[in-house]
Amino acid sequence: MCGIVGYTGPREAGPILLEGLKRLEYRGYDSAGIALVDESGDLFLAKKAGKLANLETEINGRTPHAALGLAHTRWATHGRPDDLNAHPHQDCSGEITVIHNGIIENFRELRDELEAAGHRLTSETDTEALAHLIEDAYEGDLADAVRAALRKVEGAYAIAVMHKREVSRLVGARLNVPLVVGRNGEESFIASDVSAILAHTNQVVFLEDGDVADVRPTGIEVTGVDGRPRSRELTTIDWTPEAAEKGGYETFMLKEIHEQPEALRQSLAGRLGRDGRISLPELEPMAAAVKAATRVELVACGTASYAAMVGASAIERWTDLPARVTVGSEFRYDPPPLDGRTLVIAVTQSGETADTIAPTRLARERGCPIVAVTNTVGSAITREADAILFLQAGPEIAVAASKTFVTQVTTLVVLAAAIARLRGTLPDDEEVGLVRALQALPSAAARALELNGPGASELARRYVNSRGFMYVGRGATYPAALEGALKLKEISYVHAEGYPAGELKHGPISLLDAECPLVAVATRSATYDKLVSNVMEGRARDARVIAVATEGDPQIERFADDVCWVPDTHEVVSPVLAIIPLQLFAYEIARARGTDVDQPRNLAKSVTVE
Ligand code: AGP
């Protein structure tokens, strides 16, 4: 997804902006650009398709002297990912420079009107229309002009704008796309997310929908698009810049896989009482709504939807409520019946996924009580919810989710238990058993890493030439099979399917042969024996079998060619441990195939368009 970084202050803007773009590379992008204005109002602009290195080559690794500037990484939505469509974009005079994340939905009408009025638009982008709209409205005050232009715009945006004649001023604005402003002494920053500017400041303002920020070296003023002042607090971010870097690992993803024990520890901190009880104070203000609920709808996309499946199954196990998961893109246009007694749980690590936010908003409009589960403070989903459960997993930079999956699972399981307790349906011994299992989970995850890390590359070597993989699970283990298959697809570009094991014989078994192995998530569960029978059917078709199994399982080696051992745990949270060898396996297959693990092709970390 696109990235924004802007600077105004006493220092050289160019290096700060390029470094900021590097920190945003994890979001995925297909072109990059930079614009700088010096104190005499001279403008420098460069943009280039492809990786940031192409832009650096274009400018010979040097940026000219300037203390004001904007830079952008673009992930194409309107128009090809080429030099011309790369941001920044400008008005006819070349005085106004704009960068933008999101989509201007009425851009065709705006473009037609602008062209009819004599403006010359040179790119295929929706963003360029904004620059010309601001030009039309400009009467000497950039913030006024931005506000006037935005009053004509429909869609979703985070923008940053500068004008050659206002040499220390940036204007930012957001609607449904994140934007933060950072402050540090005599300098200010603007960015699409905190990691771009964390090396310079941990004091930030998370802009809210409809905010327009007038950003100067000495401070910021926030108004609405109507010009009325809005009050916004500075937030202190406790993520260090180091926390967002790779540490000693070769990629962010490997670092994040290894951070899972710590992420689980942090995420569970405060949610497990010493008395053996679940503690979820965030849910207390919603107690009446939880007690009155007649059903639960979970909405999420991708990895988050697999974690949501674990949550739904835990809710049905411990409460009298039916619970269902619908992916956001389906929920939005074919919603289930929604009313004030439908508890909606929105799960999104980024908190900015358009396909998850829109259905959540719809549910809110229909009066549903809403719980958001997210990793991102200040994100859009937090403004839609009655209660917010933060994952507290720390920043996840690799595009493929790892530590946010395991913390989503535990957070949702804690939520399920808290709902059950509020409704009086959670037996005491179940709660005590669950809390014990959750307390042991961080060290069990560390053991799963120790057991599987050293052999992962050798295991991958044996299977790297396979045509495709069939991941199977049953009951509690099925979400781990889906997530394992997604990990392999995302980062190695090898085809993998996740199936309920019992479904193999209804079709996909025809794919199995010596070139298409079965990956069976066969940890201890109520349906273990059934799963084993299904896997035997696959083995009879010459499929090699990789099994993820619980330590001490006496029979698994009889039917598996390779076994990835994980510690025993409560069946409900077993995907947290089962996914660890599957993450490592996907990682090593990707490494063996030489793909870009942290930024796989065609993918973005937070998908803020529909
Ligand atoms: C996970 O590896 C994927 N990158 C993707 O499926 C992701 O989980 C999905 O886009 C949802 O993202 P969110 O949790 O930020 O809403």
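The figures that follow rest on heavy atoms only: side chains count, while hydrogens, waters and symmetry mates do not. Both ligands and their constituent atoms are indexed starting at 1 by order of listing. Note that this is a predicted model, so its numbers are computed, not measured.
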Under 3.5 Å, which donor-acceptor pairs link side chains of residues 572-585 to any protein atom two or more places apart or in another chain?
from: Ser574; atom 1: OG; to: Glu571; atom 2: O; distance (Å): 2.7
from: Gln583; atom 1: OE1; to: Gln260; atom 2: NE2; distance (Å): 2.7
from: Gln583; atom 1: NE2; to: Gln260; atom 2: OE1; distance (Å): 3.1

- Message: Looking at Lys403, is its backbone amide N or carbonyl O close enough to the side chain of Glu396 to form a donor-acceptor pair, meaning the two atoms are under 3.5 Å apart?
- Response: yes
Taken in chain and number order and not counting sequence neighbours, the residues that satisfy salt bridge (charged side-chain N to carboxylate O under 4.0 Å, His left out) with Arg474 are none
field: Side-chain heavy atoms of Arg174 within contact of Pro178, under 4.5 Å
entry: yes
Residues 381-414 vs ring-ring contact (aromatic ring centres under 6.0 Å, His included), sequence neighbours excluded, gives none
Answer yes or no on whether Arg232 is positioned over the face of Phe206, meaning its NZ or CZ is under 6.0 Å from the six-membered ring centre and within 45° of the axis. no
Output for ligand 1, non-hydrogen cut-off under 4.0 Å, lists Cys301, Gly302, Thr303, Ala304, Thr348, Gln349, Ser350, Thr353, Val399, Ala400, Ala401, Leu486, Lys487, Glu490
